[in-house]
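All values derive from a computational prediction rather than experimental measurement. Indexing begins at 1, ligand by ligand and atom by atom, following the structure's order.
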Amino acid sequence: MSAAPESARRPGTLQRALRQKIPARLRDPLRWRQATGIVLFAYATTHLLNHALGNISPDALAFGAGIKWAIWDNPVGTILLYGSLAIHIVVALQSLARRHNWRLPGTQIIQIATGLAIPIVLFPHIVATRGADILLGEQVGYDRLLAEIWPAGALLQTVLLTFVWVHGCLGIRQWMQTKPIYPRIAAALAAVATAILLLAFTGFVAGGRAVVANGPTKTPIPQEVFDASQATRLAVIASLAILILYQVLKPIIRRRRRRVVMHYDNGDGTTRAVVTARGGTVLEASRQADIAHASACNGRARCSTCRVLVLKGHDCLVDPPNAGEAALLKKIKAPPDVRLACQYRPSRDVTLRRLVGAGEIYDAATLADPYRFGVEREVVALFADLRGFTGIAERWLPYDVVHLLNAYFDRVSRQIEAHGGKIDKFMGDGVMALFPIGRQSERSAREALYAALKILQTVEAMNRENAAEWEAPLRVAIGIHGGPAILGQIGGGTHGPLARTALGRTINVASRLQDFAKAQEAALSVSADIVELAGIPRDGAGHRRIAELRGSTRAIEVVVFADAASLASALAMAEAPATLAAGGNAVVTTG
Ligand code: FES
């Protein structure tokens, strides 16, 4: 088959006009799949909860069914539900038809497999219920249907429930997992999802038994409803068989189509050519050729880790970015010759370079780890630094310096860990720790402050223990700030396992607050937000300052504590609020 001339592939006037008129987010099939998936998941949840009511009594089951139908069996609910189902199927089939490569992560395979299997059971079920109502005027309610299918059809319904729920939960997981809140609620969501499924199973069994106990139904479902349901099942199976046959034959058909050559520039003077049929994405070509290619969101145009720089052969008019790709490229302010490999389908030979995960830096094993490419998490960061330590290091024997540091770090680390913190790294005479913000952000803030108090008290104790030997007491300066940070694995070469660390403005501010404490001759400076989050009253202990931190364009309000005693009294106020005189505000610059 000859290839169409390139000019013929340029978008037509109507297509261009539609692109200009319709906002990008409305043209993005991924968004449609996601939005309709959420509607269908909401329906599945009400359906399973309805089943779960069977655990209580048949009356509760009927009551739940009434509520469910009140939500969905009205013009708005019906259009929303069946419209979502239709759009979801069309968009999913379109995505499957365009897929050129089936090397996918396990969860995606499960999602596709369950998604394909669901219609085999679901469509006949819809025909036997809504279809019978609309076409035959036959009301097939929950109890009538249960009486007919119990127990012979129970297994099939159970399989349907499981497939729908697994498919939906995986979709919700993919939607949620890029959101900062996800790690905090993932375990709870999984527990709730499992509980709903188990309760739906047991409720279904209890409902079936109750129906059997009531004896045969007085108004059996007409045979023609079952015939229509069975015909639907056969039609769905035939359609799926055609789809699978198409997927099997596609490589053979594609072999006859024009091919494109993707030249991978490795950035070290070497290139590798991958010949592939036109129509596939760059990421599919990479997977087909076993080329390590980062794809943290599994090709959903969410992460940008798959981005490539197209060095030769790029033409935005011939192969324009789709709406999802265009939106993400705009968000990361990518230049015009940077494309997302998971969305970009070159129709001509191209030379490109992977911008993340190129060459040997990222091996295949690390590509599945999102920390390799950074994830955003809420943390409270603590920096603690020994003050005047350089002088000590110059005067003391190296052995004594090492011994002192190890003794200090050992005691401090234990205190940090005892308060839920994690040591991120030791830097010379300093330590950086992170307190993950879980469900209770107040608690994380308070634990970080308690850890700071323990560090200050540890240093005081060490000074007392060594008063006779040390010429001057040790002093420590601490900075604390909280907010979103990028957590990622950093490192390379033959240095061994990569270390996880945190980066970003939150971390920089915490580090600068430590400098600020030093400049103020104070023990601790904390951003006011963290102090308030910890429950310390605004007029509590500590002195408030407006700090203009080095490298930051915004001044922030800071609370400075002179020593362990003032911090201890502030924390005591957080436990049992009282009032203390507030310090005055002053603008101070550090650095
Ligand atoms: S793999 Fe995430 S944007 Fe392409």
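Checked against the 6.0 Å centroid criterion, the rings of Phe41 and Trp165 qualify as a close aromatic pair.
With 3.5 Å as the limit, one finds no donor-acceptor pair spanning the side chains of Thr271 and Asp265. A donor and an acceptor atom, one from each side chain of Thr36 and His88, are located under 3.5 Å apart.
Residues forming a salt bridge (Lys or Arg N to Asp or Glu O under 4.0 Å) with Arg339 (at least two apart in sequence, or on another chain): Glu325. With sequence neighbours left out, the salt bridge (Lys or Arg N to Asp or Glu O under 4.0 Å) criterion links Glu532 to Arg538, Arg544.
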Would you be so kind as to tabulate the donor-acceptor pairs closer than 3.5 Å made by side chains of residues 110-117, with sequence neighbours excluded?
unit_1 : atom_1 : unit_2 : atom_2 : d
Gln111 : OE1    : Arg300 : NH2    : 3.4
Thr114 : OG1    : Ile110 : O      : 2.8
Thr114 : OG1    : Gln111 : O      : 3.1
Thr114 : OG1    : His167 : ND1    : 3.3

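Around atom 2 (Fe) of ligand 1, the protein atoms of type N, O or S that sit closer than 2.8 Å are Cys297 SG, Cys303 SG.
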